[in-house]
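In what follows, a structure is listed as structure tokens, so that the remarks can point back to it.
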Amino acid sequence: MMQYSAPAMIVNEATNCHDSGSNGLRGSVGGGAMFRRILNAVLLTLAAVLLALPAFADSQVRIVRLSQVDGAVQADRNTGQGFEKAFLNMPVTQGMKLRTNTDGRAEIEFEDGSTLRMVPHTIVVFPELSLRDSGAKATAVNVRDGTAYVNFTGKKDDEFTLSFAHEKVSLTKPAHLRIELGDTDATMAVFKGDVQVEGPSGGVNVGKKQTATFDLADQDRYALAKNLEPDPYDEWDKQQEQYHQRYTASNSYSPYSYGVSDLAYYGNYINAPGYGMCWQPYFTGLGWDPFMNGSWMWYPGFGYTWVSGYPWGWMPYRYGSWLFLPAYGWVWQPGYWTGWQPLPRVVNPPRQFVAPRPPASPGQTVIVNRGPLPGHGTPKRMIVRNDSAGLGIPRGSVRNLANVSQQVKQNGFAEPRVHNSAGSSSSISTMSPGVRSGPGATPMGRGAGPRMSAPHPVAPTHSAPTPHAPAPTPHR
């Protein structure tokens, strides 16, 4: 395990950084000189970090979320290292490849809530993840091998192109479908919507509850069947979709849809005086901080970004600010929706807080694991401890996490019953201490970084907060 500690993008609203009693540094002439040398070193480090940040405003590149990782999942981030272990909440960028092995499953979430799910032995490439000058999002996904499920929400003006074998599908309306690519044929089954497929044998319209089969050995000639052959992973895909639909509906404090279902399941909103509506994860105390579990990961073109290991750890690390409230602990304040953040702002941290710092040299993956062990136990019950912040609790596997969180606050732990989850029976794949990967082939640069569109955030009201209170009625 390697940990880095340097102040980066911190706004301290409560403490005076000129502490005359701090190690006597400002109590003598020699101490003052030492203080200045330390201050200069910190400023130089901060300048180096800022120089490594991308020019976000000028970029047309988008970043989407690797929102679930079960079993063996690998990613090729174009670093020159080939396929490496994939982590939950990894940014997925244009040109990346994802691969699931024997027991691997993965989900990718797009900004509008569209999803792509991969079952074992599947390879998917993302040739395009970009933003048009008009603000429309352009997405191209290529299924190279295996089976993938696509649920497209159909947001107006966005472009979503799906290709497999020699076939191409341009999705413009909501659709839910399954692609299976074998050695001699490929099939597309449509659960919802109406899909037009173009290929060497011409176009074919595949309607709801229909299946098109393409003969890869004969010019991709197709046969259309007015039925759906079930697949063993259909139920898993259905459970995932039900999870998103259930929890996304309870939250509209973000202009984006990716990650909001996990915020609704793993935490709740409070109204913080002077700060407005803020979100707080369950199972946290005053000793927890948002950077106890995660990693620094290197991406060509925009350098290092912090990847949270928490199951809800997407939106609170890409937008907004982490704020420390002495009576309540750390909360996330939504905002700053117009730009990608490799590391979120930190406001009013406690004096003992040590902010994460990216590695000095490019190309590494550095894992940080300072928190309690993830929740664990039997297939029917698990043990959840304070300051775990939801680690090890699969999506939807424990009912009423708010009540469980209160039990943990009172007793230090809880043993909730595990129900059928939208994920798998195993714990969520999280960061583990131990290793860092070697340097990549691409040096750190200041190339253009990802850019998001500029929606209008909700302006919440102000009132006294209640820790882990029920979520307020969302704005529409």
Side-chain angles (χ1 to χ4, degrees), residues 1 66-73 85-89 103-107 117 235-236 238-244 246-247 250 259 261-268 279-290 292-295 307-314 316 329-330 367-434 467-468 470-471:
M1 175 177 66
L66 181 56
S67 51
Q68 184 170 0
V69 175
D70 287 328
V73 181
K85 179 178 174 60
F87 293 126
L88 178 69
N89 292 318
D103 61 343
R105 290 181 293 183
E107 179 191 80
R117 300 189 183 101
E235 185 61 27
W236 171 71
K238 181 180 178 181
Q239 288 177 345
Q240 295 292 326
E241 203 55 43
Q242 289 175 340
Y243 168 84
H244 286 300
R246 177 177 180 180
Y247 290 101
S250 67
S261 54
D262 293 327
L263 294 182
Y265 180 69
Y266 289 100
N268 70 316
W279 179 85
Q280 188 173 44
Y282 296 133
F283 315 114
T284 58
L286 294 179
W288 177 84
D289 77 62
M292 296 181 77
N293 191 290
S295 69
V307 178
S308 172
Y310 295 108
W312 45 264
W314 177 255
W330 288 94
I367 297 172
V368 176
N369 192 343
R370 298 184 288 109
L373 292 175
H376 62 282
T378 67
K380 294 294 184 181
R381 288 187 177 275
M382 68 168 54
I383 299 175
V384 181
R385 301 190 184 278
N386 203 22
D387 287 345
S388 62
L391 278 178
I393 302 178
R395 290 172 164 180
S397 63
V398 177
R399 294 174 184 168
N400 204 336
L401 280 189
N403 287 349
V404 178
S405 181
Q406 290 299 325
Q407 295 175 31
V408 172
K409 284 188 175 184
Q410 294 171 6
N411 306 321
F413 72 97
E415 296 184 62
R417 179 174 295 275
V418 178
H419 302 272
N420 290 331
S421 70
S424 67
S425 59
S426 61
S427 295
I428 289 178
S429 175
T430 57
M431 309 292 175
S432 5
H468 294 313

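Worth knowing before you read on, the calculation uses all heavy atoms, side chains too, and leaves out hydrogens, waters and symmetry mates.
Y265 has its side chain within reach of I393: a pair of non-hydrogen atoms, C-beta onward, lies under 4.5 Å apart. For the pair M382/P394, a side-chain contact is recorded, criterion being any heavy-atom separation below 4.5 Å from C-beta on. Side-chain contact between F283 and L401: present, with at least one pair of heavy atoms (C-beta onward) separated by less than 4.5 Å. In this structure the side chain of D289 reaches within 4.5 angstrom of the side chain of R370, judged on heavy atoms. For the pair L263/P316, a side-chain contact is recorded, criterion being any heavy-atom separation below 4.5 Å from C-beta on.
To the nearest 0.5 Å, atoms OG (S261) and CD (E241) are separated by 9.5 Å. From S397, atom OG reaches atom CZ of R417 across 13.0 Å, with rounding to the nearest 0.5 Å. Taken from NZ in K238 to CD in Q240, the straight-line distance is 13.5 Å, to the nearest 0.5 Å.
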**Message:** Working note: R395 + E107, criterion side-chain contact (heavy atoms from CB on, under 4.5 Å); need CA distance, chi angles, decisive distance, verdict.
**Reply:** CA-CA 12 Å; R395 290 172 164 180; E107 179 191 80; 2.9 Å; yes
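The two atoms that bring I383 and E415 nearest to each other are CG1-CG, 4.1 Å, heavy atoms only. Scanning all heavy atoms of the two residues, the minimum distance from G390 to Y266 falls at O-CE2, 4.0 Å. Shortest non-hydrogen contact noted between V408 and A414 is CG2-CB, 3.6 Å. Of all the heavy atoms in L88 and S67, the pair that sits closest is CD1-O, 3.2 Å. Between L66 and A106, the shortest heavy-atom distance links the atoms CD1-CB, 4.1 Å. Between L391 and N293, the shortest heavy-atom distance links the atoms CD1-ND2, 3.5 Å.
Residues Q68 and R117 bring no donor and acceptor atom of their side chains to less than 3.5 Å of each other.
With D262 as reference, W312 is the one residue of Y310, W312, Y247, W314 to meet the side-chain contact (heavy atoms from CB on, under 4.5 Å) rule.
Between the side chain of N89 and the backbone N or O of P311, no donor-acceptor pair lies under 3.5 Å.
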